[in-house]
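Presented below is the structure to which this report refers.
Values below: all heavy atoms of this structure, side chains included; hydrogens, waters and symmetry mates excluded. Source: prediction; values computed, not measured.
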Amino acid sequence: MPTNSKETPRVRFAPSPTGYLHVGGARTALFNWLFARHFGGTLILRIEDTDFERSSEAMVEGILEGMRWLGLNWDEGPFFQSQRLELYRATAEKLLASGHAYYCFCTKEELEQRRAEAAAAGRPPMYDRRCRNIDRATAAARKAAGEACAVRFAVPEGGATSFEDAVFGKVEFANSEIEDFVLLRSDGIPTYHLSVVADDVEMRLTHIIRGADHISNTPKQVLQYRALGVETPIFAHVPLILGPDKTRLSKRHGATSVIAYKEMGIVPEAFRNFLALLGWTPGSAHKDREIFSSEELIELFGLDGISKSNAVFDNDKLAWFNTEYIRAYEAERLLPLAREEWQKADCEPTRPESEILAAIELLKPRARNLKDFAGAFRAYFSDEFEFDPAAVTKFLKDEHVRGLLGELAERYAAAEEFTEESTEQVLRGFAEEKGMKAGALINGSRVALTGQAVAPSLFAVMVNLGKERVVKRLAAVKGMVVEEPPA
RNA sequence: GGCGCUAUGGUGUAAUUGGUUAACACGCCGCCCUCUCAAGGCGGAGAGUUCGGGUUCGAUCCCCGAUAGCGCUACCA
């Protein structure tokens, strides 16, 4: 075991702001967060924005928004690599001075051409190291004369570079397979290879938990740690998240941005729980359970539970987590979340808060997502709601039924009591009197009251809505015009 | 193409690390409940562990090979 495992861990999430926070990044952030919290360590947020072409401030904000939504707080940062260029230049200097790096005067065009030639000839397209042999004095002179040059790392000619990955075990690469990669571009901006290690060293990171897509980059980093004479951190590569077709998750598969899930009405805790179990397992001791609070996740999390194979993002399972969380939430907790939805949907609930909470309580077992509160459940909160056409044709198409509902409204208007028992009694009695099945009136009432064919128990709905509203809505369907659906 | 990694029902994962009728959850199907839809209860289908070789009394588990998928292969990160 590396000795630094005994220190309190320092980990980081280091997204590059070339896009919003996507699910893979969110999962990496989550794992780092869980790890840090589990050990009482430190989570650092570092924005890797050295690609000025593709990075943007809006994306930085988007990433922070995603982190906040998921409830992933960090202890240090955010640091921006674009503001730490001196560190990278100094690190490059160090490598240059110790002979681990050299100036390369090849231009981008030359390199591209040679790569194409190599590919055509069936040779590996690696850099041919031609500038490595330029002696230092000449190189310095050319640079001093103003010739543009990059700085490349001098990869050892023979042997192999390996590291012990906390999830994959020993991973080894022949040095002959590693090219002399660029550390500093000719404009003085570091490449990822340099800035990661410079920062990871400077920030005293103990564990690097990141996507498995970085496995192949790791030997380049290990080489630099050695050249710099510093101990390597513990690497833990996390398998990737794939789409349902087992190809890399992309827009093709639907939402890839975390915020899109917020907009779909997913509860952040549900998303977090779902994400935590993608590529990680708390072990056989907990295999009979899938719902874990964040405290439990923190307590249970460990690198040894991370699996080696890629995981497929399953929307159905996410939906299940979401319904579980919504159902388990207190109405009070759901209220602000529902409010957001009402605002977005231009729905202004006019009822007293106690009634709104009661309605939420009634509805939450049937909610699939937060959007339902402003969509299918709108009639519980506002008197302005629409009728689902399918529900209408299914249960209110019959004019006779509509007429009976009008009559029923009068019965309710005259009723003194208005409880679940009494309302049911009235309806069933009325149905019997009219010689028809109660079901037809119940279903019709449901649509009249809620606009939907699906709802909680009708009489519970009536009590929640209140006598006045029930009477009004039942009476209103009498004059409803129902068009035959187009065949 | 080269290099690396991975491989248990449709999906996520278990399997005391060589001895189980291969387990759990999601999804799917059916039944019950019932005023609808969920939920809930009960039951079911679905993998013999990618394939082929070994090692072993015995392999999901160890070894080799093949195949497939993914990743990397930039003066992107």
* **Nearest-neighbour nucleotide for the A/R366 side chain, B/G12, B/C35, B/C37 considered** => B/C37

* Between P of B/G12 and CG of A/L249, the distance in whole Å -> 13 Å

* Base, sugar-phosphate, or nothing for A/L278, non-hydrogen atoms under 4.0 angstrom? -> sugar-phosphate

* **Atom P, compared across B/U73 and B/C62: separation rounded to whole Å** => 30 Å

* Nearest-neighbour nucleotide for the A/R327 side chain, B/G40, B/A25, B/A14 considered -> B/G40

* Shortest side-chain distance from A/F173, nucleotide among B/G4, B/C75, B/C26 -> B/G4

* If the plane angle is over 60° it's perpendicular, under 30° parallel, otherwise tilted; pick one for A/H237 and A/F235. => parallel

* Asked: Does A/N217 get its side chain close enough to the base of B/A77, under 3.5 Å, for a donor-acceptor pair?
  -> yes

* Asked: If we take the C1' atom in both B/C26 and B/A14, what is their distance in whole Å?
  -> 15 Å

* To do: Give one of base, sugar-phosphate or nothing for A/T281, where a contact means two heavy atoms less than 4.0 Å apart.
  => sugar-phosphate

* Would you please classify the geometry between the A/F271 ring and the A/F274 ring as parallel, tilted or perpendicular, with 30° and 60° separating the classes? => tilted

* Structure fact -> Relative to its sugar, using the 90° cut-off around 0, the base of B/G48 is syn

* Asked: Is any side-chain N or O of A/T191 under 3.5 Å from a base N or O of B/C75, one able to act as donor and the other as acceptor?
  -> no

* Report yes if a side-chain nitrogen or oxygen of A/R185 is closer than 4.0 Å to either non-bridging phosphate oxygen (OP1 or OP2) of B/C76; otherwise report no. => yes

* Structure fact -> Side-chain atoms of A/N310 come closest, of B/A7, B/A77, B/C70, to B/C70

* Remember a base hit wins even if backbone is also touched, and classify A/K246 as base, sugar-phosphate or nothing at under 4.0 Å, heavy atoms. => sugar-phosphate

* To do: Describe the nucleic acid contact of A/L111 in one word from base, sugar-phosphate, nothing, applying a heavy-atom distance below 4.0 Å.
  => base

* Measure from the side chain of A/V312, starting at C-beta and using heavy atoms only, and say which of B/C37, B/A74, B/U11 lies closest. => B/U11

* Pick base, sugar-phosphate or nothing for A/E48, based on heavy-atom distances below 4.0 Å to the nucleic acid. => sugar-phosphate

* When we call it a touch if two heavy atoms are under 4.0 Å apart, what does A/P456 touch: a base, just sugar-phosphate, or nothing? -> base

* Asked: Checking all strands, does A/S216 fall into the base, sugar-phosphate, or nothing category for heavy-atom contacts under 4.0 angstrom?
  -> base

* To do: Report which part of the nucleic acid A/A438 touches: base, sugar-phosphate, or nothing (heavy-atom distance under 4.0 Å, all strands).
  => nothing

* **B/A38 to B/A22 separation - P atoms, rounded to the nearest Å** => 34 Å

* To do: Please tell me which of A/S457 and A/R368 maps to the more 5' nucleotide of RNA chain B, matching each residue to the nucleotide holding its nearest heavy atom.
  => A/S457

* To do: Fit a plane to each ring of A/F418 and A/Y412, take the angle between them on a 0 to 90° scale, and name the class: parallel (under 30°), tilted (30 to 60°) or perpendicular (over 60°).
  => perpendicular

* To do: Pick the C1' atom in B/A15 and in B/C57, then give their distance to the nearest Å.
  => 22 Å

* Candidates B/A77, B/G12, B/C70 - which lies nearest the side chain of A/H214 -> B/A77

* Interatomic distance, A/R446 CZ vs B/C35 C1' [rounded to whole Å] -> 5 Å

* Any ion pair linking A/K143 and A/E147 (charged N to carboxylate O, less than 4.0 Å)? -> no

* **Nucleotide nearest A/S284 when distance is taken to its side chain, options B/C3, B/A14, B/A25** => B/A14

* Asked: In terms of ring plane angle, is the pair A/F163 and A/F173 parallel, tilted or perpendicular, where the classes change at 30° and 60°?
  -> parallel

* Starting at atom CG of A/L297, determine the distance to atom P of B/G12, rounded to an integer number of angstrom. => 19 Å

* Touch check for A/G211, heavy atoms < 4.0 angstrom, all strands: base, sugar-phosphate only, or nothing? -> nothing

* To do: Using only side-chain N and O atoms of A/T50, determine if any of them is under 4.0 Å from OP1 or OP2 of B/A77.
  => yes

* Hey, what do you get for CD (A/E172) to CD (A/E164), rounding to the nearest 0.5 Å? -> 11.0 Å

* Do NZ/NE/NH1/NH2 and the carboxylate oxygens of A/D165 and A/K170 come within less than 4.0 Å? -> no

* Could you pick out which residue, A/A14 or A/V171, lies toward the 5' side of RNA chain B when each is mapped onto its nearest nucleotide? => A/V171

* To do: Syn or anti for B/U67, please, going by whether the chi angle lies within 90° of 0.
  => anti

* To do: Could you point out which residue of A/D49, A/I63, A/T28, A/V60 forms a side-chain contact (heavy atoms from CB on, under 4.5 Å) with A/P15?
  => A/I63

* Asked: Between the base of B/A7 and the side chain of A/K308, is there a donor-acceptor distance below 3.5 Å?
  -> no

* Asked: What interatomic distance, in whole Å, is found between P of B/A77 and the corresponding atom of B/C72?
  -> 14 Å

* Asked: How would you label the contact of A/S307 with the nucleic acid (heavy atoms, under 4.0 Å): base, sugar-phosphate, or nothing?
  -> sugar-phosphate

* Reckon A/R115 has a side-chain N or O less than 4.0 Å from the OP1 or OP2 of B/C75? -> yes

* Asked: Are A/R84 and A/E202 within salt-bridge range, i.e. N to O under 4.0 Å?
  -> yes

* Out of B/C70, B/C35, B/C26, which has the shortest distance to the side chain of A/I442? -> B/C35

* Rounded interatomic separation in angstrom, taking CZ from A/F271 and C1' from B/G12 -> 15 Å

* **Closest listed nucleotide, where the reference is the side chain of A/R152 and the choices are B/C76, B/U36, B/C75** => B/C75

* To do: Answer with base, sugar-phosphate or nothing: what part of the nucleic acid does A/E172 contact at a heavy-atom distance below 4.0 Å?
  => sugar-phosphate

* **Spacing between A/Y88 atom OH and B/A77 atom P, to the nearest angstrom** => 11 Å

* To do: Would you indicate what A/C104 reaches in the nucleic acid, counting non-hydrogen atoms under 4.0 angstrom: base, sugar-phosphate, or nothing?
  => nothing

* B/U8 versus B/G46 - spacing of their C1' atoms, nearest Å -> 14 Å

* Asked: B/C3, B/C26, B/C76: which one has an atom nearest the side-chain heavy atoms of A/D314?
  -> B/C26

* Structure fact -> note: A/I189, atom CD1; B/C75, atom C1'; distance rounded to Å ~ 11 Å

* Have a look at A/E179 and say if it touches a base, only the backbone sugar-phosphate, or nothing, with a 4.0 Å heavy-atom cut-off. => sugar-phosphate

* **Passing option when A/D128 is tested against A/R132, A/M126, A/R130 for side-chain contact (heavy atoms from CB on, under 4.5 Å)** => A/R130

* Please measure how far the P atom in B/G2 lies from the corresponding atom in B/A66, and state the result in whole Å. => 12 Å

* To do: Check the distance between B/U73's P and A/M126's CE and give it to me in whole angstrom.
  => 13 Å

* Expressed as a whole number of Å, how far does the C1' atom of B/G44 sit from that of B/U6? -> 33 Å

